[in-house]
2 protein chains.
Amino acid sequence: MAKLEDIAKLAEVSPTTVSRVINNYGSLSEKTKSKVFAAMKELNYQPNSLARSLKGKSAKIIGVIFPGVSNPFFGQMVETIENQLFTKGYRIILCNAGNNKEKERAYLRMLIANQVDGIIAGSHNLEIEEYQQVGLPIISFDRYLSENIPIVSSDNYQGGKTAAEILLESGSKNVQIISGANRPNSPTNKRLEGFRKTIEEHDLEFGLTEIKFDASPNIKGMKIKEVLSNNQVDGVFCTDDLTSLLVVQQAKSLGLKIPEDLRLIGYDGTKFIQEFHPELATIEQPIEDIVTLMIDLLLKRIKDPKCQLKQNYVLPVKAIAGETSRRISK
Amino acid sequence: MAKLEDIAKLAEVSPTTVSRVINNYGSLSEKTKSKVFAAMKELNYQPNSLARSLKGKSAKIIGVIFPGVSNPFFGQMVETIENQLFTKGYRIILCNAGNNKEKERAYLRMLIANQVDGIIAGSHNLEIEEYQQVGLPIISFDRYLSENIPIVSSDNYQGGKTAAEILLESGSKNVQIISGANRPNSPTNKRLEGFRKTIEEHDLEFGLTEIKFDASPNIKGMKIKEVLSNNQVDGVFCTDDLTSLLVVQQAKSLGLKIPEDLRLIGYDGTKFIQEFHPELATIEQPIEDIVTLMIDLLLKRIKDPKCQLKQNYVLPVKAIAGETSRRISK
DNA sequence: AATTAATTGTCAAACGTTTGACAATTCCAA
DNA sequence: TTGGAATTGTCAAACGTTTGACAATTAATT
């Protein structure tokens, strides 16, 4: 590995000058600059980023903590984060916290040890006290972490409301919401609230089924089957699209026709779902915008750690029409 | 941020001793060790990983280069890599190369500058000469990169063969393979070969449709529609499961019943597909094993950069039965 | 008590940079 | 030609560790 000194020798200048060229510091003639650049090219030189960061230069690395990336929603999220950060010159360390508090803690410590510039967190493990003490800029997606950590989320309340409206418009009277188990302080609870409010405004009732986020699909399937067969449910709102897919599966196996017997709407609206399951009605979260905003806020905090940010940033959702919520004329 | 010196003061020992405790170097009494550990705990100390790596200690970071993580196959792959590496004390820098050669190059240089311990690459951009010169341990997934970079892949030939057999057994006579555009040197070509061999052994012919990996789903859909409507195709092998989903979509819109009118088998068999689309027949790649092997090889190379490894490692695939390839009795 | 072994301390160099102070050189214009 | 500015060089300290040489202290063994 070529080092600064080697460049200096080749370009016949002093090491200091090379460093000056790299950091554009002090006054330099065009001639030296180009000599140095040429030498850098010739030796395929890359400044040692460790040494630079040690001297206080930022390493340009962001830690990204999510439950995982095999779920298409988080996959798209992380991919978008990576893409946008890349164009700004940042790299990411991927931290899949799963539903493992210890792992999340370990990652948090590691990120600190590695002197990352900031953290974007969207994990599901709450009550990680450590977040309060991390002396690093953090932005959270859709989860409450601590007092002064801004949360960016989509308009969960409006999302729940819209989902309810669509189900009602589609002619459903007996609706059901299937959601992940609720955590206190989680903004996703608002989906439920918005949904409830709307249903109650129409003087109707609804059933609530909670299924743990991390349950196996078989277990989830079983619970869904119960829901669909015990009641005369004719409308279902799933708080994520994958659960919608399971509902489709179970409905089929029960001989229920969608949308004739049962209307269905999901949540998230990833590119994946829109492209490979355009029949699914869903509420789309503006992933691109969410990421843009998170990164914007994070970089602001990185530039000025004391800059004041709001605690909550809410972005609008969009209803995606789909066959599964088509209005049925009886 | 507490540093080594602070620990030394608190534990009332010399900085050297602290370092010795951390690195378990030289002889140390239990008493001092525990004093130091206590101090470390009290100050919540994390050795500065940059400084350590500068001094030659490994940073315990692996670069992971894939096209992206929004695709469930790569998502699961990367998630598995991350999980397994975590338990071995390594972290990962996620590099989504997309189909962007420049980005991949930039990432490669960055990984070198950041002194990562090794690289796992599964990108789709071939002809990146730089791979030859990277002085780092690299393992590749399913792609040829350069002479001495081991490739781990599933048994593509056998996979293609099995897919063909299943289609034939299901009663299809007029089969079609829909694959990503072929790249020279790519092991995935073997899927095609295995398929061809088997079909020809049965004195049948087959059609080949190539669709660029990165085409939009709409374009892909259109091409698939053409294939399904122009020919009297009654069996389709897609070289990935997502394309299978598109075939299901198009078949439905054309009024073709699966499996009655058309049998279908895909490739990859991610957890996602198996759980959310159990009706899809597919050839499962043993992701877990692939990752285990890649990491095993990589860590070997990291320990001993000169250790001899084979150029190719091939792991067996498994046929996953599904409704879409059910035998039809006419 | 004398000898040896184990433990800890002091000191300094090194890893590859950045950056400041200062001096030396070159260049250009009046 | 001289003065001042622009450019480059030398030198050294710093970032937070690791590690070796060596000396000093303490503990264990006879």
Side-chain angles (χ1 to χ4, degrees), chain A residues 1-40 43-61 109-117 135-136, chain B residues 1-40 43-61 109-117 135-136:
Chain A
M1 284 283 298
K3 48 172 128 173
L4 193 132
E5 237 180 301
D6 303 327
I7 307 299
K9 270 186 202 133
L10 184 62
E12 297 175 304
V13 295
S14 75
T16 305
T17 303
V18 176
S19 175
R20 279 174 183 151
V21 171
I22 293 171
N23 297 285
N24 201 23
Y25 171 81
S27 77
L28 298 157
S29 70
E30 285 309 317
K31 204 170 48 173
T32 6
K33 274 195 214 168
S34 53
K35 261 198 304 183
V36 170
F37 282 133
M40 282 172 47
L43 296 187
N44 197 13
Y45 171 74
Q46 285 288 115
N48 182 322
S49 139
L50 300 170
R52 303 190 80 195
S53 328
L54 233 207
K55 266 303 287 183
K57 293 267 175 199
S58 122
K60 296 266 184 183
I61 296 189
R109 317 186 100 242
M110 186 276 294
L111 291 175
I112 297 171
N114 271 79
Q115 312 265 79
V116 298
D117 300 278
L136 286 172
Chain B
M1 283 284 297
K3 47 171 128 174
L4 194 132
E5 237 180 301
D6 304 327
I7 307 299
K9 268 185 203 136
L10 184 62
E12 297 175 303
V13 296
S14 75
T16 306
T17 303
V18 176
S19 176
R20 279 173 182 150
V21 171
I22 293 172
N23 296 286
N24 201 21
Y25 170 80
S27 77
L28 297 158
S29 70
E30 285 308 318
K31 204 170 47 173
T32 4
K33 275 196 212 166
S34 53
K35 261 198 305 183
V36 171
F37 282 132
M40 283 171 48
L43 295 187
N44 197 15
Y45 172 74
Q46 285 288 114
N48 181 324
S49 138
L50 300 170
R52 304 189 80 196
S53 330
L54 233 206
K55 267 305 285 184
K57 292 268 174 197
S58 123
K60 295 270 187 179
I61 297 188
R109 317 186 99 243
M110 184 276 293
L111 291 175
I112 297 170
N114 271 80
Q115 313 265 79
V116 299
D117 300 278
L136 286 173

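Here is the naming used below: chain letters follow the sequence lines, and residue numbers restart at 1 for every chain. The basis for the numbers below is simple: all heavy atoms, side chains too, and nothing from hydrogens, waters or symmetry mates.
- Between A:Thr32 and D:dT8 there is a side-chain polar atom (N or O) within less than 4.0 angstrom of OP1 or OP2.
- Closest to the B:Arg20 side chain, of the nucleotides C:dT17, C:dT18, C:dT8, is C:dT8.
- The shortest distance between the side-chain N/O atoms of A:Lys55 and the OP1/OP2 oxygens of D:dA14 is not below 4.0 Å.
- Closest to the side chain of A:Ser19, out of C:dT18, D:dG20, D:dG16, is C:dT18.
- Phosphate proximity of C:dT18 to A:Lys57: absent, as no side-chain N or O sits under 4.0 Å from OP1 or OP2.
- Contact between the side-chain N/O atoms of B:Tyr45 and the OP1/OP2 oxygens of D:dT17 is found at a separation under 4.0 Å.
- Listed pair B:Ser27 / C:dA6 fails the phosphate criterion, with no side-chain N or O lying under 4.0 Å from OP1 or OP2.
- An OP1 or OP2 oxygen of D:dT7 is reached within less than 4.0 angstrom by no side-chain nitrogen or oxygen of A:Thr17.
- Closest approach to the A:Ser29 side chain among D:dG16, D:dT8, C:dT18 is made by D:dT8 (side chain taken as heavy atoms from C-beta onward).
- Using a 4.0 Å heavy-atom distance criterion, A:Ser53 is classed as making no nucleic acid contact.
- Each of D:dG16, C:dT18, D:dG9 was ranked by its minimum atom distance to the side chain of A:Arg52; first place goes to C:dT18.
- With rounding to the nearest 0.5 angstrom, the CZ atom of B:Arg52 is 6.5 Å from the CD1 atom of B:Ile22.
- Taking for each of B:Asn23 and B:Lys31 the nucleotide of DNA chain D with the nearest heavy atom, the 5'-most of the two is the partner of B:Asn23.
- For A:Ile22, the side-chain atoms get nearest to C:dT18 when compared with the rest of C:dT18, D:dT18, C:dT10.
- Closest to the A:Tyr25 side chain, of the nucleotides D:dT17, C:dT8, C:dG20, is C:dG20.
- Using a 4.0 Å heavy-atom criterion, one finds that A:Glu12 contacts the sugar-phosphate atoms exclusively.
- Across all strands, B:Glu30 comes closer than 4.0 Å to no nucleic acid atom at all (heavy-atom distances).
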